[in-house]
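Reminder, nothing fancy here: chain letters follow the sequence lines and each chain counts from 1.
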Amino acid sequence: MKPKALIVDDQDDIRKLIMITMECGDFDLHEADNGEDAWHIAQGLRPAVVLLDVMMPGGMDGYQVCAKIKADPVLKSITKVILLTARGQLTDVAQGNAVGCDAYLVKPFSPLELLGIVDRLVAQV
Amino acid sequence: MNPITPAVALQIFELMPVAVLNFSVEGKVLYANRAAAVHPGKPAESMNNKAVIKLLLRDMALGKVKLPFVTDVELAGAVKVKGVFTHGFTGLETAFIETRTTTTLAKPKESVLAEVIALLKDDLALPLRQVSNALDKLPESPESTELQEAADALKQRINRTADLIAVFGDELLVTDDRIDLAELVASTCAELAPKAAQRKVNFAVKAPTDQLPPIYGNAKIIRRAVTECLENAIQHSRQQVGRSQPLVIRVGIALTGNYLLISITNLGAMPDQSKGIETRDSALGNSTTHAAGRLGLPLAERIVNLHGGNMRISAVGDDEVRVLLEFSTGNLHRGQAQLDIAQAQRYAADLAELMTRSKKETE
């Protein structure tokens, strides 16, 4: 069975770009455009990896979704979280680490870098 | 993970908001993406078989010009673009990826504003401090207290004016600080508690029951907006209202989840003041006769608007004024166009290189 990947970004173009990039991998791809939906989908889907934008409208931002995934007794051991963000300050990276993200990619990121990180993390699951 | 295939890369190029072209070594345009097709400079037509481009591509193929090579290109209709030539999709082909120069018009405006603000804050701060120090030396009396209060009010007015100029001057002030709005409101209330106590006004801060999402913006100026609204409420409260008539401040989330709300309900509003506040979405310019209202509330409204939100004031009955501040959750894609372009360029450059590598490996 293909590992599941959930791509979360409120911007359609960026989400599409990541989806197409991820199609190079053997993934069962799913998407969401806000934090609340991402959290609900993740609970049912149990993805191997979540590519998560940080600043999103709705009830939760990326950091909060990541914190919930990492606090979930089931998801925390099976789901890797990659935060995708334009916020590249040290405090932002620290915030990502504080909520337990597995990788932090600052936009504009390279597709090669993205694929490399996804490969590495999924191999750990 | 499979390598990115040319077919996938082409799919991605089609999504790019910048022109991507691929040239043969002879200077012929072999591929132009969708952005190039709708580009006002018609780059595919303008650059196809153009003598200067042909020479450049030949020199690149011979290794005389190193890649990536950044240059300006004049297109149709006198449109000029900046772009980068890099390795093409296959073999000796060369790709051209459009880049754009950012406008620098805002810079001089920003620096003029910064000077005005510095003048207001710094140059006037010293004489004000001197006045304040001189007042401190006066023996305690009702007159000296009154003078001290007048000096404080003047200082506050100068700071407010400086912020007003800043927020009306340019949107560059809007940053992406991650803000816990409930915490910001609580700490602002704590700061203003002595002032409220002085006027015998009671605060009742109703904390949210659930965890709220953060908002993204400039924490300093959002604090200023909240402060202005609360100060205005304190100012307009009937003095010595009982505990049953406090200023009620609530922070919550709109049902849609797209906005965080701060509601300030002033049950003890002075009737003569509340009647001056019109019930409409943006009734700030002439909403009150108080000077703080004339400067402070438009300042607060501007700050809220800059963060994609709204400010509403309504008078309910004779004795109640409600101020509602709505702030968008998530980011507003401020400066997103530049980021999208940067992201697209990063993708395009990497993909062009990937395709070249993949071609070399299969040869």
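By the 6.0 Å contact criterion, NZ on B:Lys42 is open, its count of non-hydrogen atoms from other residues, nucleotides or ligands being 12 or less. The local environment of CZ in A:Arg120 is crowded, with over 12 non-hydrogen atoms from other residues, nucleotides or ligands closer than 6.0 Å.
For A:Glu36, no part sits under 4.5 Å from any heavy atom of chain B, backbone or side chain. Residue contact with chain B, scored on non-hydrogen atoms closer than 4.5 Å, involves the backbone and the side chain of A:Val54 alike.
When every heavy atom of B:Pro214 is checked against every heavy atom of A:Asp61, the shortest pair comes out as CG-OD2, 3.0 Å. Closest approach of B:Thr329 and A:Gly58 over heavy atoms only: OG1-N, 2.9 Å. Considering all non-hydrogen atoms of both residues, B:Pro213 and A:Gly59 come closest at CB-O, 3.2 Å.
With hydrogens and angles disregarded, a donor-acceptor distance shorter than 3.5 Å links the side chain of A:Gln64 to the backbone of B:Leu212.
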